[in-house]
Amino acid sequence: IMVQVSGRVGRKNKQGKVILQAFNIAHPVLKEVIENDFLSFFAREIEERQTFKYPPFYKLIKITLRHKRPQVVNDGMRVYASFLKKKLGDWVIGPAVPYISRVRGYYILDLMVKMEPHANKMKYAKQAIAEAAIHLKETQGYSTIRVNVDVDPM
């Protein structure tokens, strides 16, 4: 994205200027962007993704719960996460409050499922996520919580 933006700077024959603001100016990605070194960027990024178990080597499933009342979404997430952790164990990460924790009057909490991308495991996780949503809806006081599932967010 930084390379794309810099390519749009200036008009016709006029030279533009790009200024990148960064917390860590020694980060390798800045050098790769400045030098248009896509191969090094890809090699470093793909190695990090494999090391830290991110796509395409692992599947990420982000589950978001929303409600107009913060206490309801907090309590509902405890019910949902507890149910899901019993089924999926260490695959479940969170819950966590997202960077933007309230949108259009709805309070938000996120939960992440991180797993190997095997068909049987994916099928099992999908079923467990659906069962957890049904369990939440059937639990008194939580039927109005909205549940959203996003596979491989980013």
Side-chain angles (χ1 to χ4, degrees), residues 1-9 16-30 32-33 38 41-42 44-154:
I1 292 173
M2 289 184 272
V3 171
Q4 284 181 328
V5 168
S6 68
R8 297 192 184 348
V9 172
K17 185 175 185 178
V18 176
I19 299 172
L20 298 176
Q21 181 178 354
F23 178 76
N24 178 6
I25 61 172
H27 195 284
V29 77
L30 293 176
E32 294 157 357
V33 166
F38 297 109
F41 173 80
F42 179 81
R44 183 187 45 74
E45 184 69 21
I46 206 73
E47 183 180 335
E48 283 183 16
R49 287 174 173 266
Q50 188 168 23
T51 299
F52 296 108
K53 301 178 179 177
Y54 281 102
F57 303 101
Y58 271 63
K59 279 287 187 196
L60 291 179
I61 304 170
K62 183 172 92 169
I63 302 155
T64 303
L65 270 57
R66 303 170 193 262
H67 196 273
K68 290 196 180 262
R69 294 193 359 238
Q71 192 61 48
V72 173
V73 78
N74 286 335
D75 294 343
M77 180 57 92
R78 274 193 280 285
V79 170
Y80 187 93
S82 175
F83 184 94
L84 201 57
K85 285 178 181 183
K86 286 177 187 170
K87 297 273 187 175
L88 302 180
D90 291 341
W91 295 355
V92 179
I93 302 167
V97 176
Y99 181 70
I100 298 173
S101 61
R102 188 173 179 206
V103 176
R104 294 189 180 135
Y106 283 87
Y107 292 89
I108 304 167
L109 286 176
D110 289 335
L111 192 67
M112 192 75 73
V113 176
K114 189 181 206 182
M115 58 187 290
E116 295 169 308
H118 298 299
N120 289 341
K121 289 181 179 183
M122 287 298 298
K123 184 178 178 181
Y124 180 74
K126 183 179 177 181
Q127 181 179 346
I129 290 166
E131 288 174 6
I134 291 168
H135 174 70
L136 182 68
K137 295 290 182 190
E138 292 176 347
T139 302
Q140 186 175 3
Y142 305 124
S143 63
T144 56
I145 293 176
R146 295 182 182 185
V147 179
N148 185 54
V149 179
D150 185 7
V151 178
D152 286 338
M154 287 189 193

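Since the model is a prediction, treat every value here as computed from it, not as a measurement.
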message: Let's go through Val73 and Arg66 carefully: what are the C-alpha distance in whole Å and the side-chain angles of both, what is the deciding distance for side chain to side chain contact (heavy atoms under 4.5 Å, CB included) to 0.1 Å, and is it a yes or a no?
response: CA-CA 6 Å; Val73 78; Arg66 303 170 193 262; 5.6 Å; no
Mind checking side chain to side chain contact (heavy atoms under 4.5 Å, CB included) for [X] and listing every partner two or more places apart, or none if nothing turns up?
X      : value
Arg44  : His27, Pro28, Val29, Glu32, Phe41, Glu48
Tyr142 : Val72, Asp75, Val79, Leu136, Thr139, Ile145
Phe42  : Ile46

[X] and [Y]: which non-hydrogen atoms are nearest, and at how many Å?
X      : Y      : value
Pro56  : Arg49  : CD-CD, 4.3 Å
Met77  : Pro95  : CG-CB, 3.4 Å
Lys137 : Ser143 : NZ-O, 3.3 Å
Tyr58  : Lys53  : CB-O, 3.3 Å

message: Applying ring pair (Phe, Tyr, Trp, His ring centres under 6.0 Å) as the test, list every pair that has at least one member in residues 65-94; sequence neighbours left out.
response: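 Residue pairs passing ring pair (Phe, Tyr, Trp, His ring centres under 6.0 Å), neighbours aside: Phe83-His135.
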Distance from [X] atom [atom1] to [Y] atom [atom2], nearest 0.5 Å?
X     : Y      : atom1 : atom2 : answer
Leu20 : Ile25  : CG    : CD1   : 11.5 Å
Lys68 : Arg146 : NZ    : CZ    : 7.5 Å
Leu65 : Asn148 : CG    : CG    : 9.5 Å

query: What salt bridge (charged side-chain N to carboxylate O under 4.0 Å, His left out) pairs are there with at least one residue in residues 89-101, not counting sequence neighbours?
result: none
Would you be so kind as to tabulate the donor-acceptor pairs closer than 3.5 Å made by side chains of residues 108-125, with sequence neighbours excluded?
| residue | atom | partner | partner atom | Å |
| --- | --- | --- | --- | --- |
| Asp110 | OD1 | Thr64 | OG1 | 2.8 |
| Lys114 | NZ | Phe52 | O | 2.9 |
| Glu116 | OE1 | Lys121 | NZ | 2.5 |
| Tyr124 | OH | Lys87 | O | 3.1 |

